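We number each residue from 1, following the sequence as shown. These numbers come from a predicted model, not from an experiment. Hydrogens, waters and symmetry mates are skipped; everything else that's a heavy atom, side chains included, is used.
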Amino acid sequence: MEMRSGFFWLASLLAFPVAGAPLLLHPSFRRYGASARAVFAGAAGAFAITLVLVLATLAGWPWRLLPVVLVGTALCLLLRLVLPPVVPGNPVRSAGGTPGPVGWSALAIIVLALAAATAAAASASATSPDLLLFWGPKAEAFSAARGFDPEYLGDPLHRYQHVSYPPLVPAVYAFGAIAAGRFPWMGPVATFPLLLAALALALPGTLARFASRRDALVATAMIVASAGFLGDSLDIAGNADPALLLFEILAIAVLMGAPKGEPAPELLAGVLLGAAAAAKVEGLPFVLAAGSFHLLRRGGPGLVSTVGRGVRLFGPSAAFLGAWFAFGAMRGLFRGYESYGPLLEIHGSALPVALRTIATSLASAGWALAWTIPLAALLMAGRGVRSSNAIFPAAVAATLGVFFLFTYIHLADPTLLIGWSAGRIFMIVSCLLVLAALGATSASASDERRSG
């Protein structure tokens with residue numbers, strides 16, 4: 001019974017790429033390849049369907065899967081209509097190059113990393129305790145109520161479940177539970193290797209927009225292997241971290257390869273950023289940092305152009321969070337995210353402890369190699385470190401690191417919180433450093449070709 005319901009639960013996830021297909025079938029996105037577009041469609045569908053679920057609950061309508069999928073599909077179709085048609089006779093450039101021995105070795109590493117993540121998920125060795133305490137109970141309650149149950153969220157006994165937390169992951173889990181007729185606990189655990197595989201499918205074609213095929217495969221191998229190893233070591237299977245990593249990494253990769261003046265990549269990145277904001281609270285500072293730095297580095301002439309680009313980048317996040325906070329306010333549940341205290345209530349004496357504990361936490365998984373290797377690669381990239389495609393992801397990584405530290409020192413003794421969370425939330429920093437190193441390497445290679 002568990003295996004059969006788990007199969008139906010996993011099969012229901014195909015509804016998300018179906019809903020996102022109208023957007024990703026736009027000719028502008030052919031540049032990324034079929035496998036990447038399928039993953040992007042899944043991310044766009046997950047965002048659109050979750051937004052529809054929030055709006056349905058706001059309207060007092062119980063969740064019914066077919067209408068929800070149809071409305072989510074219509075939403076993605078509307079997003080497609082925002083984009084202009086591709087200009088005839090203007091072919092999209094694709095970065096060339098064959099994998100070669102290095103590229104084939106990278107492919108082998110990707111396969112091994114995915115196999116290890118699958119084994120970790122199947123053996124439950126990577127299962128997140130938060131799945132049992134947080135994500136899973138919410139999903140069960142939402143699927144039973146056919147909506148974001150305000151009675152469940154408002155129960156004082158459930159305060160530890162963070163009532164205001166972004167709802168994408170438990171909503172997706174509840175969607176599958178409604179389709180399968182029950183909540184199979186191993187289904188969410190299996191999303192760890194599945195989302196890692198999605199990242200491996202989407203990244204090479206996306207990174208090849210600005211880097212060689214070989215370098216794109218090497219960067220993908222580093223990210224997939226790092227995320228797989230850290231995910232197993234830090235027990236993230238079943239929680240929201242794999243989904244957040246997928247959305248964030250792909251958003252940055254899309255923006256790094258976005259040609260100036262083309263709206264399609266920015267709209268796609270905006271949807272991915274919206275999905276990140278809908279997945280975890282750490283997604284919101286990521287959205288603000290990534291969108292702002294991209295606008296600064298690719299600022300166009302004129303206020304109208306800048307506003308339009310800002311709407312594409314931030315509009316999906318604003319629409320989702322507006323709907324979610326409206327739900328919380330109308331039900332008397334929350335008006336914003338829970339916090340550690342007033343914004344400027346900072347414990348300066350906690351800074352040395354926080355820095356020391358963060359360093360210890362990051363070093364506990366593989367002697368911090370997952371963070372130090374990409375940093376070393378970035379520093380060894382020569383003059384390329386001054387390129388826009390290196391500075392952009394590095395600046396986002398640095399901003400997130402400072403923000404995480406800022407939140408920790410709102411506690412007089414952040415040791416316990418850091419030990420519990422730092423390894424997981426800093427995973428994105430490792431991946432962004434890999435992307436920065438790739439951006440620097442591709443810039444250096446371009447300089448060499450021009451000088452030659």
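Centroid-to-centroid, the aromatic rings of F7 and W9 stay 6.0 Å apart or farther. If you look at Y165 and Y337, their ring centroids are not closer than 6.0 Å.
One finds the CG atom of L107 at 9.0 Å from the OG1 atom of T220 (value rounded to the nearest 0.5 Å). The CG atom of L369 lies 12.0 Å from the CG atom of L375; values are rounded to the nearest 0.5 Å. With rounding to the nearest 0.5 Å, the separation of CE in M222 from CG in L203 is 12.5 Å. With rounding to the nearest 0.5 angstrom, the OG atom of S388 is 10.5 Å from the CG atom of L296. Distance CG/L65 to OG/S12: 8.0 Å, rounded to 0.5 Å.
Every residue two or more places apart in sequence or in another chain that forms a salt bridge (Lys or Arg N to Asp or Glu O under 4.0 Å) with K280 is listed here: D241, E282. Legend: residues meeting ring-ring contact (aromatic ring centres under 6.0 Å, His included) with W324, ordered by chain and number and at least two apart, are F148, F327, F334. In this view, F403 satisfies the ring-ring contact (aromatic ring centres under 6.0 Å, His included) rule with no residue, not counting sequence neighbours. Applying the side chain to side chain donor-acceptor pair (under 3.5 Å) rule to T206 yields no partners; only residues at least two apart in sequence or on another chain are considered. Every residue meeting the ring-ring contact (aromatic ring centres under 6.0 Å, His included) condition with F16, not counting sequence neighbours, appears here in chain and number order: F175. Residues forming a side chain to side chain donor-acceptor pair (under 3.5 Å) with E248 (at least two apart in sequence, or on another chain): none. Residues passing the side chain to side chain donor-acceptor pair (under 3.5 Å) test with S164 are E338, sequence neighbours excluded. Taking F426 as the reference, F404 meet the ring-ring contact (aromatic ring centres under 6.0 Å, His included) condition, with sequence neighbours excluded.
T399 contributes no side-chain N or O that, together with a main-chain N or O of A289, makes up a donor-acceptor pair within less than 3.5 Å. In this structure, T191 contributes its side chain and P188 its backbone to a donor-acceptor pair below 3.5 Å. Distance alone, capped at 3.5 Å, is enough to place a donor-acceptor pair between the S35 side chain and the L201 backbone. Side chain of H26 to backbone of P22: no donor-acceptor contact under 3.5 angstrom is found. Counting only distance, with no hydrogens or angles, the side chain of W63 and the backbone of L53 share a donor-acceptor pair below 3.5 Å.
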Please tabulate, for the side chains in residues 122-132, all donor-acceptor contacts under 3.5 angstrom to protein atoms that are two or more places apart in sequence or on a different chain.
{"unit_1": "S123", "atom_1": "OG", "unit_2": "A119", "atom_2": "O", "d": "2.9"}
{"unit_1": "S123", "atom_1": "OG", "unit_2": "A120", "atom_2": "O", "d": "3.2"}
{"unit_1": "S123", "atom_1": "OG", "unit_2": "S125", "atom_2": "OG", "d": "3.3"}
{"unit_1": "S125", "atom_1": "OG", "unit_2": "A120", "atom_2": "O", "d": "3.4"}
{"unit_1": "T127", "atom_1": "OG1", "unit_2": "A124", "atom_2": "O", "d": "3.2"}
{"unit_1": "S128", "atom_1": "OG", "unit_2": "D130", "atom_2": "N", "d": "3.1"}
{"unit_1": "S128", "atom_1": "OG", "unit_2": "N239", "atom_2": "ND2", "d": "3.3"}

Please list every donor-acceptor pair under 3.5 Å in which a side-chain atom of residues 37-48 meets a protein atom from a residue at least two apart or in another chain.
none

Could you list the donor-acceptor pairs under 3.5 angstrom formed by side chains in residues 108-117, with sequence neighbours left out?
none

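A heavy-atom distance below 4.5 Å is found between the side chains of P414 and I418. Two residues are said to be in side-chain contact when any heavy atoms from C-beta on lie closer than 4.5 Å; W367 and L362 fail this criterion. Two residues are said to be in side-chain contact when any heavy atoms from C-beta on lie closer than 4.5 Å; L267 and L23 meet this criterion. No side-chain heavy atom of V172 sits under 4.5 Å from any side-chain heavy atom of V169. Annotation: side chain of P27 is not in contact with side chain of P85 (no heavy-atom distance under 4.5 Å). For the pair P263 and P84, the minimum side-chain heavy-atom distance is below 4.5 Å. Here the side chains of I428 and L244 are not in contact, with every heavy-atom distance at 4.5 Å or above. Side-chain atoms of H294 and R309, non-hydrogen and from C-beta on, do get closer than 4.5 Å to each other.
Taking all atoms of both residues into account, the shortest heavy-atom contact from G228 to F192 is O-CZ, 3.7 Å. Between P137 and Q161, the shortest heavy-atom contact is CB-NE2, 3.5 Å. Counting all heavy atoms, side chain and backbone alike, A258 lies closest to P265 at CB-CB, 3.6 Å. For the residue pair S317 and A277, the shortest heavy atom distance occurs at OG-CB, 4.0 Å. Of all heavy-atom pairs between L217 and A106, the closest is O-CB, 3.5 Å. When all heavy atoms are compared, the tightest approach of R213 to P204 is NH1-CB, 3.6 Å.
Other residues, nucleotides and ligands contribute at most 12 non-hydrogen atoms within 6.0 Å of the CG atom of L416. Within 6.0 Å of atom CZ in R386, 12 or fewer heavy atoms from other residues, nucleotides or ligands are found, so the atom counts as exposed in its surroundings.
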Practice prompt. Dump the intermediate steps for side-chain contact (heavy atoms from CB on, under 4.5 Å) on L199 and L245, then the final yes or no.
Written response: CA-CA 9 Å; L199 191 59; L245 280 174; 5.6 Å; no
Discussion item. Assess the residue pair L351 and L405 against the criterion (side-chain contact (heavy atoms from CB on, under 4.5 Å)); give the C-alpha distance rounded to whole Å, side-chain angles, the decisive distance to 0.1 Å, and a yes or no.
Written reply: CA-CA 8 Å; L351 180 60; L405 177 62; 3.8 Å; yes
Practice prompt. Determine, step by step, whether L438 and N389 satisfy the side-chain contact (heavy atoms from CB on, under 4.5 Å) criterion, reporting the C-alpha distance in whole Å, the side-chain angles of both residues, the deciding distance to 0.1 Å, and the verdict.
Written response: CA-CA 8 Å; L438 177 65; N389 260 3; over 6 Å; no
Item to complete: Please report the C-alpha distance between I223 and L435 in whole Å, then the side-chain angles of each, then the deciding distance to 0.1 Å, and finally whether the side-chain contact (heavy atoms from CB on, under 4.5 Å) criterion is met.
Response: CA-CA 9 Å; I223 288 174; L435 294 179; 3.8 Å; yes
Discussion item. Run S143 and Y173 through side-chain hydrogen bond (donor to acceptor under 3.5 Å, both in side chains) and show every step you take.
Written reply: CA-CA 8 Å; S143 63; Y173 291 176; over 6 Å; no
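A salt bridge links R31 with E262: at least one charged nitrogen is closer than 4.0 Å to a carboxylate oxygen.
Applying the salt bridge (charged side-chain N to carboxylate O under 4.0 Å, His left out) rule to pairs touching residues 72-84 yields nothing, sequence neighbours excluded.
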